[in-house]
Colleague: 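Before we start, here is the structure in question, set down as structure tokens.
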Amino acid sequence: MILKIYLDVLFLENFLMDYILLLLTGKILQKQKKGPGMLLAALIGSGYTILYYFLLTAPEQKNGEVLRLVLQIGNLAVTYLMARCAYISSAGKQGVLCVLTMMVLAFVTGGVLTWAEQTFPFFYVHRSRIWMAVGAFFFGYLFLQRWTKDIRQRWFHKKCHLPVCITFGERQIRCLGLMDSGNSLYEPITGRPVVIIERELLTSNEIPMPDGFFAIPYHAIGTQKGILKGVLADELEIPKQQGEQKWHKVMLGIYEGKISQKDEYQVILHPKL
């Protein structure tokens, strides 16, 4: 009896299965995935499968049981390496949990596939074609999902990044503002909603600062509580399709650093505007 193993088909089947197992594990454990790391992890897993079969079917193989035990231990180590490549914060206990989850999923999936091959002869005969179709559909879906996500992000960018004109006396500042529903800052004495602006934007436009400032307490995620210096702008305008909207005596909270690291916007607008 001659057993033929097509390494290319075996590699592609295991690459697809490993990638699906990594996705399922990430969903179950709510792990933040690394984009390129997922592909690298699937490549490592499928590559080890090729090595596993090659060593077990070698014609001059000796001590088969010992070799099988070593390869099984190596399988655990490779699965842990896959978790480290695929997910953020997957070291130590988290990595072990990922390994156990992937092992359970692999056991269940293997049982389902074995049942399908025994129950439906068509699946066994045309196995490689079916896997190719599943792989094309699966990665096509992922590509389409990523493409539509990029379109939604661009649409969100156009919708929420608005041109802003801020007036101080006879001086005007024109910039881009982000309409952020998470901005819930209010100046505690006047109760005015606060628009956050970069200090650099004020100094570069030579806006004179008053002698006194409003004190605006704030607390952001990952930072300690602090105080923003507040000033009143005479007017703030936001051009929209329905026409310009204007607000008078707008409270500005002065931020000392960069609001956007890519310099996409310099102002964070308040949703109550």
Colleague: Is a side-chain donor-acceptor pair under 3.5 Å present for Lys258 with Gln266?
Modeller: no

Colleague: Yes or no on side-chain contact (heavy atoms from CB on, under 4.5 Å) for Phe15 and Leu39, after CA distance, side-chain angles and deciding distance?
Modeller: CA-CA 9 Å; Phe15 176 81; Leu39 293 174; 4.0 Å; yes

Colleague: Is the side chain of Glu198 donor-acceptor paired with the backbone N or O of Ile259 at a distance under 3.5 Å, no angle test?
Modeller: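 A pair under 3.5 Å: yes.
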
Colleague: For Gly45 versus Asp18, what's the shortest heavy-atom pair and its separation?
Modeller: C-OD2, 3.2 Å

Colleague: Do Val99 and Met17 belong to the same hydrophobic cluster, where Ile, Leu, Val, Met, Phe, Trp and Tyr are linked whenever their side-chain heavy atoms lie under 4.5 Å apart, directly or via other members?
Modeller: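 Hydrophobic grouping puts Val99 apart from Met17.
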
Colleague: How long is the span from the OH atom in Tyr19 to the CG atom in Leu24, to the nearest 0.5 Å?
Modeller: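 Rounded to the nearest 0.5 Å, the OH-CG separation comes out at 12.0 Å.
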
Colleague: Within the structure provided, determine whether Phe214 and Met251 are in side-chain contact (heavy-atom separation under 4.5 Å).
Modeller: yes

Colleague: A side-chain contact here means heavy atoms from C-beta on lying under 4.5 Å apart; do Val231 and Pro210 qualify?
Modeller: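 Contact flag for Val231/Pro210 side chains = yes.
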
Colleague: Would you check if Met103 and Thr79 make a side-chain contact, meaning some heavy-atom pair closer than 4.5 Å?
Modeller: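 When only atoms from C-beta onward are counted, Thr79 and Met103 do touch, with a gap below 4.5 Å.
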
Colleague: Side-chain heavy atoms nearer than 4.5 Å, only ILVMFWY residues, links allowed to pass through others: does that put Ile44 and Leu51 together?
Modeller: yes

Colleague: Side chains of Gln72 and Tyr52: do they bring a donor and an acceptor to under 3.5 Å?
Modeller: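 Yes, side-chain donor-acceptor contact under 3.5 Å.
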
Colleague: Should Tyr255 and Arg199 count as side-chain neighbours, where that means a heavy-atom distance under 4.5 Å?
Modeller: no

Colleague: Transitively linked via ILVMFWY side-chain contacts under 4.5 Å: Ile88 with Leu29?
Modeller: no

Colleague: Roughly how far, to the nearest 0.5 Å, is CZ of Arg84 from CG of Leu40?
Modeller: 13.0 Å

Colleague: Looking only at non-hydrogen atoms, find the nearest pair between Ala215 and Pro188 and report the distance.
Modeller: O-CD, 3.6 Å

Colleague: side-chain contact (heavy atoms from CB on, under 4.5 Å), that's the test. Do Ile268 and Val195 meet it? Break it down for me.
Modeller: CA-CA 6 Å; Ile268 297 180; Val195 174; over 6 Å; no

Colleague: Using a 3.5 Å distance criterion without hydrogens, assess whether the side chain of Asn183 forms a donor-acceptor pair with backbone atoms of Pro271.
Modeller: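 No; zero donor-acceptor contacts below 3.5 Å.
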
Colleague: How long is the straight-line distance from CD1 of Ile28 back to SG of Cys98, given to the nearest 0.5 Å?
Modeller: 10.5 Å

Colleague: Do Met82 and Leu22 have side-chain heavy atoms sitting under 4.5 Å apart?
Modeller: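 Sidechains of Leu22 and Met82: in contact.
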
Colleague: How many angstroms lie between atom CG of Asp234 and atom CD of Gln172, to the nearest 0.5 angstrom?
Modeller: 10.5 Å

Colleague: With Tyr48, which residues qualify under ring-ring contact (aromatic ring centres under 6.0 Å, His included), at least two apart?
Modeller: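 For Tyr48, no residue satisfies ring-ring contact (aromatic ring centres under 6.0 Å, His included) once neighbours in sequence are set aside.
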
Colleague: Between Glu187 and Arg192, does at least one N-O distance fall below 4.0 Å, as a salt bridge requires?
Modeller: no

Colleague: Not counting sequence neighbours, list each pair that qualifies as a ring pair (Phe, Tyr, Trp, His ring centres under 6.0 Å) and has a residue in residues 174-194.
Modeller: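 Every ring pair (Phe, Tyr, Trp, His ring centres under 6.0 Å) pair that includes a residue of residues 174-194, provided the two are not neighbours, is Tyr186-His270.
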
Colleague: Measure the shortest side-chain to side-chain distance between Val267 and Ile166 over non-hydrogen atoms and say whether it is less than 4.5 angstrom.
Modeller: yes

Colleague: Which residues pass the side-chain contact (heavy atoms from CB on, under 4.5 Å) test with Asn205, not counting sequence neighbours?
Modeller: Ile173, Leu201, Ile207

Colleague: Within the 4.5 Å heavy-atom criterion, are Leu252 and Phe168 side-chain neighbours or not?
Modeller: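 A side-chain contact exists here, since the closest heavy-atom pair is under 4.5 Å.
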
Colleague: Check whether Ile227 and Leu232 end up in the same hydrophobic cluster, where Ile, Leu, Val, Met, Phe, Trp and Tyr are linked by side-chain heavy atoms less than 4.5 Å apart.
Modeller: no

Colleague: Which residue in the set Leu236, Leu178, Ile197, Leu176 passes side chain to side chain contact (heavy atoms under 4.5 Å, CB included) when paired with Val164?
Modeller: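 Result for side chain to side chain contact (heavy atoms under 4.5 Å, CB included) with Val164: Leu236.
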
Colleague: Within 45 degrees of the ring normal and closer than 6.0 Å to the centroid, is that where the cationic atom of Lys31 sits relative to Tyr87?
Modeller: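 Because its charged atom misses either the 6.0 Å distance or the 45° angle limit, Lys31 does not stack over Tyr87.
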
Colleague: Are the side chains of Leu269 and Leu162 in contact, using a 4.5 Å heavy-atom criterion?
Modeller: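 Side-chain contact under 4.5 Å: yes.
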
Colleague: Should Val78 and Tyr80 be counted in the same cluster of Ile, Leu, Val, Met, Phe, Trp and Tyr side chains packed under 4.5 Å apart?
Modeller: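 Not linked; separate clusters.
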
Colleague: Taking the side chain from Asn14 and the backbone from Thr49, do they hold a donor-acceptor pair closer than 3.5 Å?
Modeller: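 Checking the backbone N and O of Thr49 against the side chain of Asn14, no donor-acceptor pair under 3.5 Å is found.
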
Colleague: Do Thr25 and Leu105 pass the side-chain contact (heavy atoms from CB on, under 4.5 Å) test, and can you show the C-alpha distance, the side-chain angles, and the key distance before you say yes or no?
Modeller: CA-CA 8 Å; Thr25 301; Leu105 290 174; 3.5 Å; yes

